[in-house]
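As a basis for the values below, the full set of heavy atoms in this structure was taken, side chains included, without hydrogen atoms, waters or symmetry mates. Here the structure is a predicted model, which is why all the values come from computation and not from measurement.
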Amino acid sequence: MMYAVMRKEVEALVVLRKNWANILTALVVILCLGLTAMIMKAWFDGKFNSVETLQTYILGFGLLAPLILTVIQAMQVVVPVLPGFLGCAVGAVLFGCSGGFWCNYIGISLGSIIAFFLARRFGKTLVRSLFAEDKYDKFSGWAANSKSYTALLFAGMVLPLFPDDFFCYFTGLTEMRSRRFIWIILLGKPWCILAYSIAFSMIR
C-alpha cells in the first residue's frame, strides 16, 4: 500500500517536472521569437547599415545596451543575414576592449551553439533553407573531403573571415558530439574576437 502511494507521488512529481519544463521551453521560445522580431525590424529599418547607426540603436537601450549587443551577436549567427563584423566594432567602441570582447564572445559563442543544435534538431532541410544551394554544396563538399574535420573547424573558428555561421549549422548535421563542438567554440572563438576588440578600441 505504501509502495503504491509513493509510486503515485513520484509519478506526479515527474509529470509536474515535465509540465514546468514545457512551460519554461515555451517561454524561452517566445522570448527568442520576440528578440528575433525586434532585431530583424531594426535591420530592415537600417539600424545595421553602419557602425554609427548600430551604435546609436544599441545606446538607445541605456543600461541594457551590453545585453542587447550580446543578443544581437548571438542572433547574427542564428540568422545568417545579419552582419556580425559591425557588432565587434561597436562593442569595442561603446564598451572598450574588455567590455566589447565579453559581449561579443558570449553572444557569438551562444549563437554558434544554438545554430548547432537547431541543425541537429531540424536537419538538412533547415540548413539548405538558410544558405544558397551553391554555397551549401561548395562548403559541405569541402568539409566532406577534409581528412580532419575537427582540426578544420577549430582553425576556422580561430581565423577571421571564415564562414562561421554555415559551419556551425553544418556541423550539427555531422556525427560530431555536442560536447566536442562546444569546446571547439569556447576555445577557438576568443582569439579573433579579442584581436578585433583590441584593434577597434585603439581607434575609437
Quick one: pull up CG in Leu194 and SG in Cys88 and give me the separation to the nearest 0.5 Å. 11.0 Å

Is the backbone of Thr70 close enough, under 3.5 Å, to the side chain of Gln73 for a donor and an acceptor to pair up by distance? no

Look at the side-chain heavy atoms of Ile, Leu, Val, Met, Phe, Trp and Tyr, link any pair under 4.5 Å apart, and say whether Phe117 and Val77 land in one connected group. yes

For Met176 and Leu153, run side-chain contact (heavy atoms from CB on, under 4.5 Å): C-alpha distance rounded to whole Å, both residues' side-chain angles, the deciding distance at 0.1 Å, then the answer. CA-CA 11 Å; Met176 180 180 290; Leu153 183 64; 4.1 Å; yes

How far does CG of Leu126 sit from CG of Leu130, to the nearest 0.5 angstrom? 4.5 Å

Can you confirm if the aromatic rings of Tyr136 and Phe131 lie within a centre distance of less than 6.0 Å? no

Heavy-atom pair with the smallest gap, counting every atom of Phe95 and Gly100: CB-N, 3.7 Å

What's the spacing between Ser109 OG and Ile184 CD1 if we round to 0.5 Å? 12.5 Å

Let me see the working for Cys168 and Val78 under side-chain contact (heavy atoms from CB on, under 4.5 Å), right down to the final yes or no. CA-CA 9 Å; Cys168 289; Val78 178; over 6 Å; no

Looking at CG of Asp165 and CD1 of Ile108, how far apart are the two atoms once the value is rounded to the nearest 0.5 Å? 11.0 Å

Please report the closest heavy-atom contact between Phe101 and Pro190, naming both atoms and the distance. CE1-O, 3.4 Å

Which label fits Phe167 and Phe170: parallel for a plane angle under 30°, tilted from 30 to 60°, or perpendicular past 60°? perpendicular

Are any of the side-chain heavy atoms of Val51 and Phe200 separated by less than 4.5 Å? no

Check the side chains of Thr53 and Ser50 for a donor-acceptor pair under 3.5 angstrom, ignoring hydrogens and angles. yes

Linking I/L/V/M/F/W/Y whenever their side-chain heavy atoms sit closer than 4.5 Å, directly or via other members, would Met157 and Leu159 fall into one cluster? no

Any chance you could measure Gln55, atom CD, to Leu69, atom CG, to the nearest 0.5 Å? 11.0 Å

Counting only N and O atoms by type, is there a donor-acceptor contact under 3.5 Å from the side chain of Thr174 to the main-chain atoms of Thr171? yes

Counting only heavy atoms from other residues, nucleotides and ligands, does the tally under 6.0 Å from NZ of Lys189 exceed 12? yes

Expected output: side-chain Arg180 to main-chain Thr150 donor-acceptor under 3.5 Å: no

Please state whether the rings of Tyr57 and Phe61 are parallel, tilted or perpendicular, taking 30° and 60° as the class boundaries. perpendicular

What residues, two or more places apart in sequence or in another chain, satisfy ring-ring contact (aromatic ring centres under 6.0 Å, His included) together with Phe181? Phe116

If you compare all heavy atoms of Glu175 against all heavy atoms of Arg120, which two are closest, and at what distance to 0.1 Å? C-NH2, 4.1 Å

Apply the test side-chain contact (heavy atoms from CB on, under 4.5 Å) to residues Ile72 and Leu54: give CA-CA distance (whole Å), side-chain angles for both, the deciding distance (0.1 Å), then the verdict. CA-CA 10 Å; Ile72 287 174; Leu54 183 56; 4.2 Å; yes

Tell me whether Val79 is reachable from Met38 by hopping between hydrophobic residues (I, L, V, M, F, W, Y) whose side-chain heavy atoms are closer than 4.5 Å. yes

Using only heavy-atom distances, determine whether the side chains of Tyr105 and Ser197 contain a donor-acceptor pair under 3.5 Å. no

How long is the straight-line distance from CD1 of Ile106 back to CG of Leu186, given to the nearest 0.5 Å? 10.5 Å

